Amino acid sequence: MNSPAKRESSIFDTTEIPVIKSDQIKGTGKSLGCGTYGYVEKAIYKPTPTSEAIDVAIKYASNQKYTRTLINEAKIMMTLMEHPNVISIYGIYKIDANRCGLVMEYMDCQSLAELLHNNNIQYTISHFASWMLQLCSAVEFFHSYNQIHRDLKVQNILLCDHYRTLKLCDFGTYTALKSTMTVGLGTPVTMSPEVMRGDKKYDMKSDIYSIGIIMWQILSRQEPYPNVDSLAQLVYHVAGNNNRPAELQCSYILSGFYKRCWHQNPEIRPTSKEAVEYFTLLKKEYPHGDVPLKIGKAEDHLDVSNRKNHRRTGSDTFGIIDSDSEIPGLRGVRSQSVAAIITPSRPAPPPPTTSTLSSFQDPSLKPVEPDVRDPLSFQIYKDHMVELETFRNIKQLQQTILNSKHEKLKKWQLLEQLKILEAASQHL
Ligand SMILES: Nc1ncnc2c1ncn2[C@@H]1O[C@H](COP(=O)(O)OP(=O)(O)OP(=O)(O)O)[C@@H](O)[C@H]1O
């Protein structure tokens, strides 16, 4: 029988995972975080002596027995990384016969877990919609290959490109309740009740449950169970008593969906395909998730003079203010931070305006909830979206006509001035 070291080395040599040599890697000594079985560091990777050096993140197993887990993770990632919202890996960095590191693309905006607790960064409902769509498309991608992520949580959702692009990491590393708790990484709040109870193993609907909790976390920026601090309490609270995170005073379009995702009956939960459809619609309604986020006080982002400037220049890169907040029924909602359209128990950052919030609460202006199981409601929602799209196009056309009118007026003004000058010169 092969010795463990030899067995590991044969795994390294597999053609499935490229092997990266030590002279291609330069450590930076910067720690990026720790997980259950490993730790992650930033490094620099030079694929060839002539190519440009790139920033990478390397995940090392915390001890030798986890090396195989790391290699298994690498294999899963190699097969699934074709998706834009899944972390790419470059290969396995072989340190010696028994130790290795998983070399992945570096995500420069940390994880969603850090973002949620960073009060210096405000985001909008558009960002929420964009992140959720990206997350659900990655999950749908796994599910289409009959793969389950099993460990969807804000710590495994990484961001880059000024917080606009979201990618999933950490695959196939099924974190048993016990091991999660042993290393003190907190309670597994996104784990579904049926898995907690041990009724059944993770299945696709368990991933959907996690999506529901993650939705709630992004909307509220709070801990789902602030008074629960042990695994036993969590199981009792969630699996035993069927409790869920606190009610948020947000649009029922959102609350209806996350409640369905975390429903105790997995049959009621939507599929990942439905989740993608839902967030595609939501993103259409809140289309400014591509606005880059900046670190800074909320007031900087919501500065009204900047907003005027933004409208004038038409720039797309201004803070968190979206440019077309005048659409009836949604007036101003796009320019609200997510925290401003819900009422969490923790004080939220001040909303840019208050009248906009009340207009959203007007029941006559609320769009119907897109319940994808109900074809009629779904159709009404789709029609509503089409109308909004038409409205937006008309608004854009109106703006183009106005611009052209202003241009003509400017020319006319110039002509007038020329005439005056001409007249003056004739009198000389
Ligand atoms: N590619 C990456 N780029 C930047 N930071 C990363 C990258 N991968 C991981 N990290 C950081 O390292 C932390 C630890 O990652 P890791 O995958 O080891 O553990 P985890 O997902 O937090 O926990 P567990 O493995 O227990 O599920 C992450 O939370 C993240 O902050």
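First listed ligand is number 1; within each ligand, the first listed atom is number 1. Please read these numbers as outputs of a predicted model, since none were measured by experiment. Computation of the quantities below employed the complete heavy-atom set of this structure, encompassing side-chain atoms and omitting hydrogens, waters and symmetry-equivalent molecules.
For ligand 1, one of its N or O atoms has an N or O atom of M107 under 3.5 Å away. Between S111 and ligand 1, not a single N/O pair is under 3.5 Å apart. Considering backbone and side-chain atoms together, E105 places an N or O closer than 3.5 Å to an N or O of ligand 1. The N/O atoms of K59, backbone and side chain alike, include one that comes under 3.5 Å of an N/O atom in ligand 1.
Only the backbone of C34 comes within 4.0 Å of ligand 1, counting heavy atoms alone; no side-chain atom from C-beta on gets that close. With a 4.0 Å cut-off on non-hydrogen atoms, D108 does not touch ligand 1 at all. If you look at L32 next to ligand 1, the close heavy atoms, those under 4.0 Å, come from the backbone and the side chain alike.
Not less than 6.0 angstrom separates the ring centroid of Y123 from the ring centroid of Y163. Aromatic rings of F128 and Y286 (six-membered ring for Trp) have centroids beyond the 6.0 Å cut-off, not under it.
Salt-bridge formation is detected for the pair K167/E105: a Lys NZ or Arg NE/NH1/NH2 atom is positioned less than 4.0 Å from an Asp or Glu carboxylate oxygen. By the 4.0 Å N-to-carboxylate-O rule, D199 lies close enough to R197 to be salt-bridged with it. Using a cutoff of 4.0 Å between basic side-chain nitrogens and carboxylate oxygens, K153 and D170 are not scored as salt-bridged.
Using a 3.5 Å distance cut-off with no hydrogens or angles, the side chains of Q134 and S130 do pair a donor with an acceptor. T124 and H127 share a side-chain donor-acceptor pair at under 3.5 Å.
No heavy atom of K42 sits closer than 4.0 Å to any atom of ligand 1. Ligand 1 lies nowhere less than 4.0 angstrom from a heavy atom belonging to Q110.
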